[in-house]
Amino acid sequence: MSTPQSPLHGPSRHESAHGHVSGAARYVDDLPRPGGLLIGLPVGSPVARGRLKAVNCAAALAVPGVHAVLLARDVPGHNRLGPIVHDEPLLAEDELYAVGQLVALIVGESVAACRAAAQKLEIVVDEAPAILSVADAIAAGSYLGTPHVMRRGDVEAALARAALQIEGELASGGQDHFYLETQAALAIPGEDGSLEIHSSTQHPTEIQVATAEILGCDRNRIVVLVPRMGGGFGGKESQATHFAALAALAAVRLQRPVKVWLSRELDMQMTGKRHPFWSRYRAGFDAHGRILGLEVFIYADGGWSIDLTPAILDRALFHLANAYYVPALRFEGRAVRTNTASNTAFRGFGGPQGMLVIEDAMSRAAERLGIDPAELRRRNYYGPEALQVSDSGPLAVDAPLPEGELDERVVASLHGRKLTPYYQTVEDCRLPRIHRELLQQADYAARRAEIDAFNARSPLVKRGLGFMPVKFGISFTNSVLNQAGALVLIYTDGSVQLNHGGTEMGQGLHSKMLAVCAHELGVPERCVRVMTTATDKVPNTSATAASSGSDLNGAAVQRACAELRERLRPLAAELLGAAPELVGFSDGQVSVVGGRSISFAELTRAAWARRISLSAAGYYATPGIVYDREAGRGKPFHYFAYGAALTEVEVSGLTGEHRVLRVDILHDVGRSLLPNIDRGQIEGAYIQGLGWLTCEELVWDPRGRLLTHGPSTYKIPAVGDAPEDFRVSLLRDAPQADVIHGSKAVGEPPFMLAISVIPALRHAIAGFGEAGLEPRLTLPCTPEAILRAIEDIRARARAAQVSAAE
Ligand code: MTE
Ligand code: HPA
Ligand code: MOS
């Protein structure tokens, strides 16, 4: 438990806050320039698909200041990369699969020299027709990996029996990560063939492993260090590797330090994005709005290589049902290969794309059945509470639809409503409580009524209020990745160096780890220094991803610190003349309740004199998680994070523009480690989700060249797009069992709260039509898309009036 002095659970600020605002915080490009530094500039394929016939380097090499042009043939080891399957050449061999696919690295004394050389590099290709969309890929049979299927019960029978059947198709677009710091790496050769790589990466171990393979050396030759990232958002989980490996390759070839740092334009052209998805579904609801059956085919656009696509597709399937108990279902997911940059992890990791499907069905069912959309969603939550209907009492439980014969667990689950499509039970669904509290504190019912009244008297401007619940699974779905380590060093002045396997990308992981360490050792936070993440301090780490950075590393830090504290306890007891169990560690003092005390520093000096070790490693692996992908069953998640949002918008019927007037969020972070940090994560994730859904749009030309490669053409949300009134609260008194200090992961789940903007926009757009007409809104909801939906619903309303008059 925390003491009054504990740095946990209370007010705090980001450990680098001052550094961020003053400019003192160092990123890769801010590190002191090593002597002899050269610059590496990657050059990508000019075509989306074709054969690479030749790369003529003579003219480029003749540019003054240029030292080398490296190609595939210069790779001494294995010219292959890929986080799951090694299907990507680091530098292209014969085939080209995407514009911007790495072909060469120009190495020179300045960026200007490298750019001049890039202009002169002659890449000779035979261009072939490219596959640029999910539809084209399906037509061409161009797939990546194997399908993933989840099934339960007889979905056809459930659909046939449903009072309401809905069929739909849904496309969601990609999203550029637009981290403020683009991909960056600095490689410095050392003695004995060793190499130090400073990288802006979420996954230092992946860079160590890949570079060792590229160079054909042992992993122990390479140390990867991560000062911090200026944002990663998933874009540096697997794709920082390429640029670090290129810097490493050049550093080893030329025996000089080499830095690769991408311009925004190159970064946007070369790196993968959030996966665009396309899906079609059939859903059946009973007359009360309860879902009976759902069939979904979902396709992810993986781009040209596998990267993390299979895991992202899996997470999309795990989140197709979002917060809702679906009795009978069949979900099939496939990934397609297209000739675009290889798509990759992005906050939510397929979860957002999956949830959009059932949310579309929920919105449309509410419109068709005339049930309030928040209430209809509530009736579908996991857990028996959802069976209560507020005004008319409990609803009948629908008869089970087991697969002809018996699936006892399914039959048994019907009344408890706890079984997910992948057969994990949802033990503690917090959504009924969140729902109640949020709707009450945000004054939902009154505001909906007010908005309907406003819309009735306002012909050109309409408002809408949208609700979205989120249930997000926490753990890497590849179970082995759920492990972490820490290394804690105490010096004899009582100061502490904290090493852990996670990376800092702005999310506040280091702040949380520092607080956990200070709490556990009972020292003030100023006595603890969080060290640069380094593969020679904690080996064989997983990426900082899946929102699990503080769960995994926090537990490892806690264990390392607890071990040190317990090692020191007998000595403290001896020095204080008390029983060991009476000794307390807090605020830099080691004391006996109501008795003597010594400083933590004194204790460490005494320990050194007694030859007691003052360093310890900690290790943690999440217990009890397994998943069998073939069977589509298991317990992939340690627990679920929950939250809900209400978004109110105002839409112009003249231009299709909208404003977000007010957002209310109630989010479950368990017992927050650092509430200010978590609040920042929730706000940031929501805005990033809003960007994906409303203003960010990637456009390629017919030859697969990205046209939106800078902030002038790719619109990310700015301060003016933030909700005018933004109310975020954390669910109170909600500790989570078996997670560090009762906290819950927060990085990704609130991203999906932004999906509430879609039902809000639908509500507003419906106001331009007539009762009973469904808005037809496509993503992203740019002004053009919204205006099209308004004009479409107005036209259908007019047609209905004409036919009624006839
Ligand atoms: N917050 C900031 N400021 N910058 C980031 O790059 N990445 C997000 C989230 N929040 C990100 C962020 C993503 S995609 C993940 S998975 C988590 O942070 C990773 O960190 P955590 O596991 O420590 O929460
Ligand atoms: N989430 C995020 N990143 C990942 C995952 C996951 O489940 N698996 C592998 N990388
Ligand atoms: Mo986050 S997409 O898991 O890096």
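Just so it is clear, the structure is predicted and the values come from calculations on it, not from any experiment. Atoms within each ligand, like the ligands themselves, are counted from 1 in listed order.
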Aromatic centroids of Y324 and H319 separated by under 6.0 Å: no
Polar contact flag, side-chain donor to acceptor under 3.5 angstrom, Y639-Q736: no
Which residue and heavy atom of the protein sit nearest atom 8 (C) of ligand 1, plus the separation: R347 NE, 3.8 Å
Region of E748 that comes within reach of ligand 1 [heavy atoms, distance under 4.0 Å]: side chain
Expected output: side-chain R337 to main-chain G303 donor-acceptor under 3.5 Å: no
T544-ligand 1 polar pair, N/O distance under 3.5 Å: no
Show me a pair-per-line table, with atom names and distances to 0.1 Å, of protein N or O atoms that are under 3.5 Å from an N or O of ligand 2.
| residue | atom | partner | partner atom | Å |
| --- | --- | --- | --- | --- |
| ligand 2 | 3 (N) | E237 | OE1 | 3.2 |
| ligand 2 | 3 (N) | E237 | OE2 | 3.2 |
| ligand 2 | 7 (O) | R315 | NE | 3.4 |
| ligand 2 | 7 (O) | R315 | NH2 | 3.2 |
| ligand 2 | 7 (O) | T477 | N | 3.2 |
| ligand 2 | 10 (N) | E237 | OE2 | 2.6 |

S547 side chain to E748 backbone, donor-acceptor under 3.5 Å: yes
Salt bridge K715-D721, side-chain N to carboxylate O under 4.0 Å: yes
T708 side chain to Y714 backbone, donor-acceptor under 3.5 Å: no
Aromatic ring pairing Y422/F640, orientation class (parallel under 30°, perpendicular over 60°, tilted between): tilted
Residue and atom name of the nearest protein heavy atom (relative to atom 4 (N) of ligand 1), distance in Å to one decimal: M505 O, 2.9 Å
A745 and ligand 1 - part of the residue with a heavy-atom distance under 4.0 Å: neither
Check: S263 main-chain N/O paired with E265 side-chain donor or acceptor under 3.5 Å: no
Per-atom contacts of ligand 1 with A546, taking only distances under 4.0 Å to non-hydrogen atoms: 16 (S)
Minimum heavy-atom distance between Q183 and G235, given as atom pair plus value: NE2-O, 3.1 Å
Electrostatic pair R430:D668 at N-O distance under 4.0 angstrom: yes
Within 45° cone of Y27 ring axis and under 6.0 Å: R228 NZ or CZ: yes
Lys NZ or Arg CZ of K471 over Y642 ring: under 6.0 Å, within 45°: no
Minimum non-hydrogen distance to atom 22 (O) of ligand 1, winning option of G502, G554, G348, G549: G549
Closest approach of any protein heavy atom to atom 5 (C) of ligand 1, naming residue and atom: F233 CE2, 3.2 Å
Cation-aromatic face contact R334/Y143, 6.0 Å, 45 degrees: yes
For G232, atoms of ligand 1 separated by under 4.0 Å from a heavy atom: 5 (C), 6 (O)
Proximal protein residues to ligand 3, non-hydrogen atoms under 4.0 angstrom: Q202, G234, E237, A345, F346, R347, A545, A546, E748
Proximal atoms of ligand 1 relative to G506 (non-hydrogen, under 4.0 Å): 2 (C), 3 (N)
Cation-pi check, R274 onto F233 ring (under 6.0 Å, within 45° of axis): no
Pair Y686 + F751: ring centers closer than 6.0 Å: no
Which residue and heavy atom of the protein sit nearest atom 17 (C) of ligand 1, plus the separation: G747 CA, 4.1 Å
Option set Q507, K512, H14, criterion heavy-atom distance to atom 18 (O) of ligand 1, minimum: Q507
Nearest neighbour in protein (non-hydrogen) for atom 1 (N) of ligand 1: Q681 NE2, 3.0 Å
Aromatic ring proximity H510/H14, centre distance under 6.0 Å: no
Cation-pi check, K236 onto Y179 ring (under 6.0 Å, within 45° of axis): yes
Check: G231 N/O within less than 3.5 Å of ligand 1 N/O: no
Those atoms of ligand 1 less than 4.0 Å from some heavy atom in A545: 16 (S)
Q202, portion touching ligand 1 at heavy-atom distance under 4.0 Å: neither
Pair S475, T622: side-chain N/O donor-acceptor within cut-off below 3.5 Å: no
N or O contact, F346 vs ligand 1, cut-off under 3.5 Å: no
Element-labelled atoms of ligand 1 that are located less than 4.0 Å from some non-hydrogen atom of G234: 14 (S)
